[in-house]
Amino acid sequence: SITLMDSSQTCIEQLSGRYGDTMSYVCGDATRLSSVLPPSKLYNIIIDKGLMDAIFCGEGWNGPIEALVKETSKVLSPGGCYLLASYRLPTSTKEFLTEVGSEVGLDWEFDCAGSNDRVGLSIARKRK
């Protein structure tokens, strides 16, 4: 099953109109995943295309990014993956994500196959 999530109710309504009940929809804050998603459900894959980039654009991004990584770990099944498509991450950001990930059982691999000079594909795998 697929769950689409966005913080915008308008976006959720548009997605629901496009895809109908072939998917589930959740409107909420990704930095609070464990309180927004069903408590008994774990996810095998979480795909982030643009959320982390949007957070990086704001001041004080490290707090929300830390919360996002920690919440992701709570809802991923053991062996599950957080797939991140973002602008290329600087070394300091990779170090930050690695540090926070190690605290919550996520192991990061950066600049995976398919990355290029502008876009980086990264995977955080939840330890079993």
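Each residue takes its place number in the sequence, starting with 1.
Judged by distance alone, the side chains of Lys49 and Ser86 never bring a donor and an acceptor atom under 3.5 Å apart.
Looking at heavy atoms from C-beta onward, Tyr87 lies in side-chain contact with Arg118 at the 4.5 angstrom threshold. Residues Phe110 and Leu97 form a side-chain contact, since some pair of their non-hydrogen atoms from C-beta on lies under 4.5 Å apart. Between Ser1 and Lys41, the closest side-chain pair of non-hydrogen atoms falls below 4.5 Å. Put simply, the side chain of Ser122 reaches to within 4.5 Å of the side chain of Trp108, judged on heavy atoms. By the 4.5 Å heavy-atom criterion applied to side chains, Thr72 and Lys126 are not counted as neighbours.
Following chains of ILVMFWY side-chain contacts shorter than 4.5 Å, one cannot reach Ile47 starting from Leu4, and the two form parts of different hydrophobic clusters. Follow the hydrophobic side-chain contacts under 4.5 Å out from Leu15 and you reach Ile2 in the same cluster. Follow the hydrophobic side-chain contacts under 4.5 Å out from Val36 and you reach Ile46 in the same cluster. Under a hydrophobic clustering in which Ile, Leu, Val, Met, Phe, Trp and Tyr are joined whenever their side-chain heavy atoms come within less than 4.5 Å, directly or via other members, Val26 and Leu76 fall into the same cluster. If you chain together hydrophobic residues whose side chains sit under 4.5 Å apart, Leu121 and Phe56 never meet in one group.
In this structure, CZ in Arg18 is found 10.0 Å from CE in Met23, a value given to the nearest 0.5 Å. Here the CG-CG distance, from Leu84 to Leu89, works out to 6.0 Å after rounding to the nearest 0.5 Å. Atom OG1 of Thr3 sits about 10.0 Å away from atom OH of Tyr25, to the nearest 0.5 Å. Rounded to the nearest 0.5 Å, atoms CD1 (Ile45) and OH (Tyr82) are 13.5 Å apart. Rounding to the nearest 0.5 angstrom, the gap separating the CZ atom in Arg32 from the NZ atom in Lys74 is 11.0 Å. With values rounded to the nearest 0.5 angstrom, Leu51 atom CG is found 8.5 Å from Met5 atom CE.
Contact record, Met52 with Leu68: CE-CD2, 4.0 Å, taken as the closest heavy-atom pair. Looking at every heavy atom in both residues, Leu33 comes nearest to Ala30 through CG-O, 3.1 Å. Closest approach of Cys112 and Ser115 over heavy atoms only: O-OG, 2.8 Å. In terms of heavy-atom proximity, Gly120 sits nearest to Asp111 at CA-OD1, 4.3 Å. Between Thr31 and Pro64 the shortest heavy-atom distance is CG2-O, 3.5 Å. Heavy-atom minimum distance, Lys128 versus Pro78: CA-CB, 3.9 Å.
The local environment of CZ in Arg127 is crowded, with over 12 non-hydrogen atoms from other residues, nucleotides or ligands closer than 6.0 Å. A 6.0 Å sphere centred on CG of Asn116 holds more than 12 heavy atoms belonging to other residues, nucleotides or ligands.
Judged purely by atom type and a 3.5 angstrom limit, Asp48 has no side-chain atom pairing as donor or acceptor with the backbone of Ala85. Judged by distance alone, the side chain of Ser16 and the main-chain N or O of Ile12 form no donor-acceptor pair under 3.5 Å. Counting only distance, with no hydrogens or angles, the side chain of Ser73 and the backbone of Val104 share a donor-acceptor pair below 3.5 Å. At distances below 3.5 Å, at least one donor-acceptor pair connects side-chain atoms of Thr22 with backbone N or O atoms of Tyr19. Side chain of Glu71 to backbone of Ser34: a donor-acceptor contact under 3.5 angstrom is found.
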Q. Given the rule in the side-chain hydrogen bond (donor to acceptor under 3.5 Å, both in side chains) test, do Ser7 and Asp29 qualify, once you have shown the distances and angles that lead to the verdict?
A. CA-CA 6 Å; Ser7 62; Asp29 181 348; over 6 Å; no
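When ring centroids are compared, Phe96 and Trp61 come within the 6.0 Å threshold.
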